[in-house]
> 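I have a structure I would like to understand better, so I am pasting it below and will then ask my questions one at a time.
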Protein chains: 2
Amino acid sequence: MASSLIMSRRDLDFLLHDWLRVERLVERERYADHDRETFDAVLDLAEQLATEHFAPVNREADTHEPFVGEDGRVVQPESVRAALAAYTASGLPTSVFDAELGGMQLPFVVHQAASSWFQAASIGTFAYPFLAEGNANLLATYGTPEQVATYAVPVVEGRWYGTMALSEPQAGSSLGDITTRAVRQDDGSSYRLTGTKMWISGGDHELAENIVHLVLARTPDAAPGTKGISLFIVPKWLPADDGSVGERNDVALVGLNHKMGYRATTNTLLNFGEGLATPGGEAGAVGHLVGEEGRGLTYMFHMMNEARVSVGAGATALGYTGYLHSLEYARVRTQGRPLDRKDPTTPPVPLVEHADVRRMLLAQKSYVEGALALVLFCAHLVDESRTHPDADAAREAEQLLSLLTPVAKSWPSQWCLAANDLAIQVLGGAGYTRDHPVEQLYRDNRLNPIHEGTLGIQAQDLLGRKVLEGGGRSLGVLGARITATVEAARAVGGDPAAYADQLGRTWEELLRVTGVLWEKGDPALALANATPYLEAFGHVVVAWLWLEQLVAVGEGTEPFHDGKRAAARYFYAFELPTTGPRLDLLASLDTTTLDLDPTVL
Amino acid sequence: MASSLIMSRRDLDFLLHDWLRVERLVERERYADHDRETFDAVLDLAEQLATEHFAPVNREADTHEPFVGEDGRVVQPESVRAALAAYTASGLPTSVFDAELGGMQLPFVVHQAASSWFQAASIGTFAYPFLAEGNANLLATYGTPEQVATYAVPVVEGRWYGTMALSEPQAGSSLGDITTRAVRQDDGSSYRLTGTKMWISGGDHELAENIVHLVLARTPDAAPGTKGISLFIVPKWLPADDGSVGERNDVALVGLNHKMGYRATTNTLLNFGEGLATPGGEAGAVGHLVGEEGRGLTYMFHMMNEARVSVGAGATALGYTGYLHSLEYARVRTQGRPLDRKDPTTPPVPLVEHADVRRMLLAQKSYVEGALALVLFCAHLVDESRTHPDADAAREAEQLLSLLTPVAKSWPSQWCLAANDLAIQVLGGAGYTRDHPVEQLYRDNRLNPIHEGTLGIQAQDLLGRKVLEGGGRSLGVLGARITATVEAARAVGGDPAAYADQLGRTWEELLRVTGVLWEKGDPALALANATPYLEAFGHVVVAWLWLEQLVAVGEGTEPFHDGKRAAARYFYAFELPTTGPRLDLLASLDTTTLDLDPTVL
């Protein structure tokens, strides 16, 4: 597969450099060893590895779903392991980590842009290093030096992988209801865990020497609910004193979930402490506390912004590559004739000549390029919040990131899935077959509105928490940014100036509606239609980022620039207006869902 | 699986009897042998067969995709054959056919209601009798008595199956570009066909004694384009003189398409006349002309209304059963607590207590019950157009059916797929696994916006042809019906009266916009946004049918009636208003898609 069908380097460069001007980050101490050349080299490497090692395995990883062999081990295509070995060998697993851990100290935004190549090429394969990175990042932040050296460094080096083990069969998204127990042992430092974890991605496999599970559990006297949850390191294999892999821990693979897509990634049901193994001579999974008891969820959620932005980036990458595939098909495949030329003796025209096909391509382009701008903007905020030399600016970046995280997770999950749906439709019957990649992209992407917090949970996070943060301070930061963009676009004139007016009006209405929703201070009433609120909010944010892109395009005369103008025109004509009925519904404080007696369904 | 998870008999009875009053059809001569009891018996039988024979095979038919065995024959699970044998043995394949062909002369609307059980239980399995029925129906209408006796009767009896062989690899939806050749033989009656047909559902299998292909092809001197297309009967096996299966015809299975879903149905690439067999001693597929040369497409499209309504009904059934599954899950599965009770020591509540889950259930209900009303209304129009004793009323029914057919095909394909998406979301991670049926329903339903005319083609049919029919006469018929419903709903008062005002206003706006679109008489301009037009039109039609249902509910006091009220309330609050931005876009004669230079994409 040509790399031009995976992602658009031109668009990544435009967003990173013409728009976000990420090169300015190298003025900061953390990134001082970098420059445009090192950024480019990382993107070049990602493009090459994704094209040569990840894209070719994606279909086999789908058709050859992981299964548990007779020896109880997970069996997966060798090609998946080989692709991951190439990623490890490249050194990219170390991208974002500190130099003292052997990391490259690459800005997160550049790393995210590079990762998008792998997400587009084979998202299920790339999930292992993605999960490992989040795992090591958490330990690097909250672990003791010994924990970092023992558990994080092998993950940073790409030798071990890691998981986040949160959900349980009876609790699902309601983490306050988890029951896995962790009992402190007489040695005063280790714990023994017993319980069952569900939906654990990468929870077992033979792709790495070891798997470091980060497990939420309760100590015996813990408070009920989320305040009683602690975080533990529970490795599949206990490290030997020399750092190599030693005794088997008491963590058992109960079964693999059989999924519609995203199949390269194992998804597991795990039993901790059922007696599969008897480390140190007795049953019980050996674990080590991270930080303090009772603060497990705080640690976990501190890392959640990046994880959620990356999920949004994965959804974006799937949508993006689907768009590129359907565009290629629409350019090559001829069928039918324009409406003003029905003569059957004339040759048929490429699909892209039909208005409805153009609509489907423009819609995809407006979704996937809008989503890419969104996730890179948020990834850049991660860097800004960590490294901006001005404390106020850093705090502002953090506030904006916090506000936009539910949008960055959910908007691409929803609309880049819609893009994958349109990609299938452009191909017609061919798109419904496995002869083309678009059907798999659609199945793979269907996971994204579910994991790392469902759409509905993101909606409650946005409307129930984030817009209220600091008395609406984060919302104020966003408003100031939007106002600045509106003014810049008015200065550009022409279409951007008209869009600026449209955006300004919609933003004002969104603010007014937000006030109306919380006027009575009744969470049930305010959040009754949280999802339509999230949808409207997301469309406004992406409309803003389209305007930002047009300002960056300026007077650009390349076809690429005209493409940005065309997609922005589509978004402002076809998409932003759909917020109208949603905002009207919200402003009416509609209680259709609240009033429902569910027994009549 | 309980039958209550497949379809709702209560809703079918409500729509057939409380609303459409189909029992009045038995006053017509064609249906004089029927009464409510025979209608009920057919529905009882369908429910039983679907539950006992179709639902149990649906997952196996999906996981065990058909393949071509070493002997060149298609291999499928034996369970699929057994389910179809039970259907044949029940006599249901004869439902709609004339008594003289051994048929039951059941009204099409009752047959469609019965079929919905099978479509919901295993749509891919039911596709064989569905395709066979359309095939025999066409022959029964246009074939000679001998053709009917030889080819249609075995299909009516369920011994043979049939296909519609239209598409070709180079032509896709553009039928004017097909190139399959049919050359009249010296016997003066038979033809020999050569060419390749693509996307032929049920094009080969071992599920029946024979397969009757109805093939579009060109005679050597035929005009270019659609006017040069003729229709031919081409059986897989040539019938022997005694009516049994004789010599193999020269029709070769080149390959099976591997689909995302709908897998029980083989989808084939067929070669006609490549020399696989030499019937009568020479290569070439033996075929027989139906009707006159050059009228093939006319015959095919005359049957298209029913086929398209049935595709819409299939999409509806998939959406409906998905809704029932997700409702059951939401009632049983507990998770989390209401927003006003966060105390983690209190027990969790069923999912259905959460506002956002209710939204997803109400949305599904409003889509699937609205779609069921739509497809049964159109099926009833088939009966009305054929048997209404008043010629004007029959013609009016035909006009209305013609206008609504693209809506009946596309609206359920789009929105019941959206319902399946929501069903997955209600189940969360569980919905993404094969442990529950909803993921398969989503994959199966994704075919429906593609086959039998894509969404875009339906949109062009509606806006480019149907609304113009007879100078807008069909549109006038619909308008009169909507006005009558609006008046009836106003008489009911309360919410229905408010909905009536909302519907009346939206209908007027839709009419106005239709006029604006055609004001300049420029098809390219008028049809530039045909799909948003179809979407808005569909929402208005379904809003009308929701109001019709409320009028039929009247003062009903059962929970079922309150369920109808709740879903209608949802549709009028959340869905109908979304037509606003679409109609505004259309009224502006937006040329975003027309102006696009595709090289900038």
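Numbered from 1 within each chain, the chains take letters A, B, ... in sequence-line order.
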> In terms of side-chain geometry, is the basic nitrogen of Arg565(A) or Asp597(B) positioned less than 4.0 Å from the acidic oxygen of its partner?
no
> Verify side-chain contact (heavy atoms from CB on, under 4.5 Å) between Asp177(A) and Arg337(B), making sure each step is shown before the conclusion.
CA-CA 10 Å; Asp177(A) 290 319; Arg337(B) 286 160 196 83; 2.6 Å; yes
> Which bit of Pro348(B) comes within less than 4.5 Å of chain A, counting heavy atoms only: side chain, backbone, both or neither?
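Looking at Pro348(B), just its side chain touches chain A.
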> Report which part of Asp562(A) has an atom under 4.5 Å of a heavy atom belonging to chain B: side chain, backbone, both, or neither.
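Both parts, heavy atoms under 4.5 Å.
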> Measure across Glu353(B) and Pro598(A) and return the closest heavy-atom pair with its distance rounded to 0.1 Å.
OE2-CG, 4.0 Å
> Have Thr599(B) and Arg331(A) got a donor and an acceptor in their side chains that come within less than 3.5 Å?
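Note: Thr599(B) and Arg331(A) side chains miss the donor-acceptor criterion.
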> Is a side-chain N or O of Tyr432(A) found less than 3.5 angstrom from the main chain of Gly261(B), in a donor-acceptor match?
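Indeed, once roles are kept as given, a pair shorter than 3.5 Å links the two residues.
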> Which region of Leu417(A), side chain (C-beta onward) or backbone (N, CA, C, O), has a non-hydrogen atom less than 4.5 Å from a non-hydrogen atom of chain B, or is it both or neither?
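Just the side chain, heavy atoms under 4.5 Å.
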> Using non-hydrogen atoms and a 4.5 Å limit, figure out which bit of Ile424(B) sits close to chain A: side chain, backbone, both or neither.
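Contact with chain A involves both backbone and side-chain atoms of Ile424(B).
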> Which is it for Leu601(B) and Gln364(A) under the side-chain contact (heavy atoms from CB on, under 4.5 Å) test, yes or no, and what are the steps along the way?
CA-CA 11 Å; Leu601(B) 292 176; Gln364(A) 288 180 71; over 6 Å; no
> Less than 3.5 Å apart, any donor N or O on the side chain of Arg569(A) or Thr592(B) sitting next to an acceptor on the other?
yes
> Heavy-atom cut-off 4.5 Å, strictly under: side chain, backbone, both or neither for Tyr262(A) against chain B?
both
> Tell me, for Pro350(A) versus chain B, whether the close heavy atoms (under 4.5 Å) come from the side chain, the backbone, both or neither.
neither
> Under a plain distance cut-off of 3.5 Å, with no hydrogens placed, do Thr531(B) and Asp356(A) share a side-chain donor-acceptor pair?
yes
> Non-hydrogen atoms of chain B under 4.5 Å away: do they reach the side chain of Gln460(A), the backbone, both or neither?
side chain
